[in-house]
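Beneath this line is the structure, given in structure tokens, with notes to follow.
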Amino acid sequence: MAASPLPPPDPRFVLRGTQSAVHALHFFGGAQGQGHPLLLSGSLSGLVHIWSLQTRRPVAILDGHQGQCVTWLQTLPQGHQLLSQGRDLKLCLWDLAEGRNAVVDSMHLESMGFCRSSVLTRGQGKWMLAMPGSGSDEVQILEMPSKTSVCTLKPEADAKPGMPMCLELWQAESSPRPLLLAGYEDGSVALWDVSERKVCSRVACHTEPVMGFGFDSQKARGVSGSAEKALAVWSLDEQQALQVCKTHELTNPGIADVKIRPDRKILATAGWDHRVRVFHWRTMKPLAVLSFHSATVHCVAFATDGLLAAGSGDQRISIWSLYPISSDSSTSSLGHVEHREVGAHALA
Amino acid sequence: MDPAVSAVRVAVREAVHTLSSCEDGDRVLSTLGSLKRYLSGAESPAPPGEQEEFARVHFAAVLRCLAGRLSPGWLELGADDGLEELCASFFLEGPADQAFLVLMESIEGAAGPSFRLMKTAQLLARFLGAGRMAAVMEGQCRRLGEPASPLLQETLLTKVVGLPDRLANRLQRENLDAFLPQNYFPLLAEEMVRVLQAVVDSLRGAVTLCPSLLVPPNLEFMLFSLHPSPPTVPHRPEVLSRLLGNLVIKNKKAQFVMTRKLLFLQYHHSVRARTPMLQSLLGYLAADSQRRPLLVQALKGLLETWGSASAIRHAPLEQQRYLSKAVLICLARLGEAELRDSRDELLASLMAGVKSRLDSSLPVVRRLGMIVAETASARLHPEGPPLRFQYEEDELSREMLALAAPPPADDSPVEARPDVPLPCRLGPVAETKTKRSIGWGDDELVPYDMSGDQELKRSKAPTYVRDCLEALTSCEDWGRWEAALRALEGLVIRNPAAAREVSVELAKVLLHLEEKTCVEGFEGLRQRALVAVVVTDPAPVAEYLTTQFYALNFSLRQRMDILDVLTLAAQELSRPGRLPKAPQCGPPGPAPPPGSTVAPAWRTVVEERIRSKTRRFSKGSARRGRDAGPNQFNVVAGYFFFPLLRHFDRPLVTFDLLGDDQLVLGRLAHTLGALMCLAVNTAVAVPMGKALLEFVWTLRFHGDAYVRRGLLSAVSSVLLSVPGEQLLADLPDELLEARSWLADVAERDSDEDCRTLAIQALLLLEKLRDRLLALAAP
């Protein structure tokens with residue numbers, strides 16, 4: 001063991017120029033044609049910046065949310081399409097192919113909440129979208145791109161979990177049935193079977209609203225952060241029952257976002273205490289506390305090559321490179337990621 | 001009468017006469033040639049009896065005569081025939097002790113720098129270079145049958161030992177390298193070794209010798225000769241033991257030199273050499289059971305001096321440091337039992353010393369007291385609870401504490417040590433290698449340093465000065481209290497009008513503020529806030545603070561805070577360009593004629609055109625000098641200054657400036673000096689200077705060095721701040737008195753800083769006088 005720990009790391013570089021707080025980040029892995037990875041950031045002022053990680057400058061700025069905060073960004077595997085969710089209650093679909101940047105489609109959201117949507121690729125240009133529904137505690141599932149509402153997931157009358165706060169659609173390896181994980185306002189995480197429209201299992205992880213979670217579908221294990229002072233790690237057993245494995249105490253309360261790196265080695269949390277925390281995913285051992293920002297960190301994102309981005313209320317995006325992904329392990333896991341995860345990390 | 005004796009006498013008398021009066025080169029040469037016959041080893045030597053008689057009686061006279069004649073003119077007489085060389089040969093080849101004495105005598109007798117002095121000095125340097133010192137010593141050892149008179153031997157010794165000092169005195173800046181102690185003493189040591197070798201050789205040959213010269217008083221220079229060789233440090237006590245044996249016990253003088261002179265006074269050597277010398281000296285005393293009582297005795301003496309209040313006051317800091325080191329080394333070398341026997345006595349002087357040292361206003365003195373007290377009490381009272389002072393570790397304390405560690409039990413060879421860590425170092429390296437080869441396991445993620453992960457303090461800072469005031473006085477929410485303290489300075493600066501409404505109240509609260517929770521940088525925050533308050537509303541707040549300075553219920557800390565705050569505020573007020581430039585509000589003159597509004601336009605156009613057509617290689621500084629503005633301190637200097645002088649001689653129950661609280665007095669003197677200095681160019685400077693000189697005058701013989709330093713710097717600031725003409729017109733007597741006092745301090749004060757400050761003040765006085773004279777002359 002080294003006698004003295006490594007000094008706290010510094011960011012690889014910092015992206016400035018959004019001119020307002022950064023609320024959403026998403027790595028656009030660089031499609032087959034163009035090698036350079038891009039980073040998308042959504043800001044409080046309603047703009048989406050597309051950053052080149054090579055020149056570290058924005059290559060394009062998308063304005064489609066009428067000056068309202070952009071809360072969620074997600075690219076689709078087919079044809080360079082981007083989904084952006086804004087506080088103007090609109091979900092926009094952008095076409096980014098060949099330098100275009102135009103809204104090709106948009107959808108009206110019913111919910112005034114902060115819940116971010118989620119997508120699940122179904123193949124042949126089809127995908128499924130989960131977004132907060134019209135009722136305050138509902139989640140709406142749509143079949144895309146036809147925008148057909150498949151179902152509305154409404155908790156039982158006596159459950160009262162409050163608003164959904166974060167969503168993740170996924171599919172187990174063994175069955176084609178889509179599943180939805182949702183974190184709720186009362187601090188519980190619920191697993192929905194979408195086709196059956198019922199809650200498989202629900203577990204109370206926090207006493208405060210769940211602000212974000214990361215889920216590792218291969219290990220059937222997830223970690224969630226909330227407004228309280230602890231992270232909760234929970235898992236899914238064969239009977240699809242959720243149970244809390246352990247909690248991890250933090251120094252300061254408030255986690256805005258949790259992401260697990262595609263190679264499932266480490267995870268990062270965005271803290272209200274201006275810091276990004278990095279943990280070892282298997283053991284939950286704390287690895288680093290990245291203190292660079294001077295305001296709340298709203299979002300974190302991992303690229304397939306291991307880069308970590310954090311966006312903060314201080315209008316800066318910091319890019320970090322920690323614990324490089326070793327080539328052998330990343331290729332082995334990448335295959336799964338492509339299938340299981342929503343296609344966020346590896347674009348075909 | 002022996003015919004040989006009379007023959008020699010006649011010849012020598014004739015020769016000396018010729019030498020001292022004759023101006024004919026050939027005759028001088030031939031006379032010297034004839035005298036040379038009497039020296040051993042000459043070409044056609046005189047009979048041994050005559051040689052001996054010459055060496056015993058006449059040689060010194062001849063040398064003196066020669067030394068007296070060394071002048072350019074005389075040496076010219078036989079320049080071609082090597083007259084100078086011939087003369088030198090007398091000094092270098094004749095009996096060495098006499099030659100040495102004559103050389104020293106003529107050097108010391110010289111009236112001032114002269115050709116003769118330089119020639120003699122060069123001759124002496126040649127004498128040293130030719131290894132004649134060995135001959136001097138050998139000569140003393142070999143004096144068979146007829147022992148040299150003790151008086152002569154004594155003289156010789158004194159001159160040998162004191163040669164560097166004597167020559168340095170005489171030659172001043174012209175001194176030659178060979179006479180510098182660092183060159184001379186090693187040379188001497190070498191020569192001594194040679195002589196000792198010769199003595200040993202001849203002892204083997206069973207010749208009787210008296211090596212008395214070599215033993216006792218040479219000790220001092222032997223020590224000097226030994227210390228410039230660092231590699232031998234650990235062995236030096238042993239070397240000393242071998243050289244000196246138990247001489248200290250037998251010989252009173254040696255004992256004095258070893259246990260008093262060297263221990264107490266030889267602190268002025270180079271810093272590097274000082275500690276090794278102490279180590280070797282005390283190590284020598286500790287090395288033998290017979291000498292150990294002397295070590296205890298030395299420790300008693302050292303502690304007594306170390307603890308005496310007058311020594312603390314009057315001894316230079318260097319000496320105090322040296323003494324403290326000696327005490328620590330003694331303690332480290334003495335055993336439990338020895339210390340226990342004289343524990344009471346030692347403790348008594350230690351406690352007295354600690355008390356007077358902690359009272360001192362010089363930080364170094366206090367620090368020395370703390371370090372020695374900690375170590376000594378741990379050694380003297382090992383069973384009691386350990387004494388701990390709060391002091392920051394620095395180079396001095398580390399060095400001192402290292403000395404306090406007991407010396408290694410035996411001199412294990414130093415070379416072996418570097419080998420020891422090697423096996424240990426190999427271990428981990430091998431381990432990591434094996435781990436690497438297995439591969440990048442899951443647990444290989446090495447955490448970064450996370451010590452910076454502290455709790456985030458979030459407490460809303462007040463946004464109004466009044467809110468701050470309220471938070472500071474009546475708040476139970478410590479987060480808010482701290483936020484208020486942190487915000488206060490900025491608020492006061494941003495809202496001067498609001499701050500002025502509550503300025504005195506704010507000052508009162510801040511002055512009485514206690515650090516109720518641990519706040520990082522509390523002192524600085526409080527001080528900066530207070531300074532901001534004073535700067536915002538100088539007159540009433542300064543008035544309040546200065547009256548509080550002499551009020552009853554304050555701690556010394558608070559009083560010193562008041563002084564610091566006043567100084568800092570005065571500095572801020574007198575800083576030029578402090579205020580943002582006042583906006584230009586309309587031309588003061590008559591309104592320009594209506595047509596002239598066009599003029600600036602064409603002017604700028606022309607200027608622009610000129611600029612575009614002109615190539616400049618370098619641009620001079622474009623900015624103008626600082627905008628002149630009134631010194632804001634001018635108006636309020638009096639509020640800061642005079643109340644502080646009001647009551648210093650009236651002791652209170654809690655506050656006695658002229659008694660125990662000399663630290664505050666020193667600070668007061670420094671503050672007054674600083675205020676005086678900042679009041680330069682103000683109208684009030686003259687009365688201030690006058691009052692300050694009076695203050696200085698009453699305290700000028702204060703016993704505390706820190707106070708004296710303050711007074712001296714105050715004098716300097718008076719000289720700097722008050723215009724020269726005014727000084728001379730209004731305060732001529734005070735200046736004269738100050739001058740003689742300064743001259744006295746510059747020469748005699750025990751504190752080095754005091755001397756330097758006095759010299760600076762004297763220089764200022766000189767400059768002032770020169771300037772006034774220059775003004776008066778035309």
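Per chain, numbering begins at 1; letters A, B, ... match sequence-line order.
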Q.
Hydrogens and angles aside, do A:Ser226 and A:Glu208 bring a side-chain donor and acceptor to less than 3.5 Å of each other?
A. no
**Q.** Interatomic spacing from CZ in B:Arg526 to NE2 in B:His512 - rounded to 0.5 Å
**A.** 10.0 Å
Q: Side chain from CB out, backbone as N, CA, C, O: work out which of these in A:Pro253 comes under 4.5 Å of a heavy atom of chain B, or both, or neither.
A: neither
**Q.** Donor-acceptor pair, side chain of B:Glu489 and main chain of B:Ala532, under 3.5 angstrom
**A.** no
Q: Measure A:Leu290 against the heavy atoms of chain B and call it side chain, backbone, both or neither at under 4.5 Å.
A: neither
Q. Do A:Glu249 and A:Lys229 sit within salt-bridge range, that is, some charged N less than 4.0 Å from a carboxylate O?
A. no
Q.
Please classify the contact of A:Thr251 with chain B as side chain, backbone, both or neither, using a heavy-atom distance under 4.5 Å.
A. both
(Q) Can you tell me which portion of A:Pro8 sits under 4.5 Å from chain B's heavy atoms? Options are side chain, backbone, both or neither. (A) both
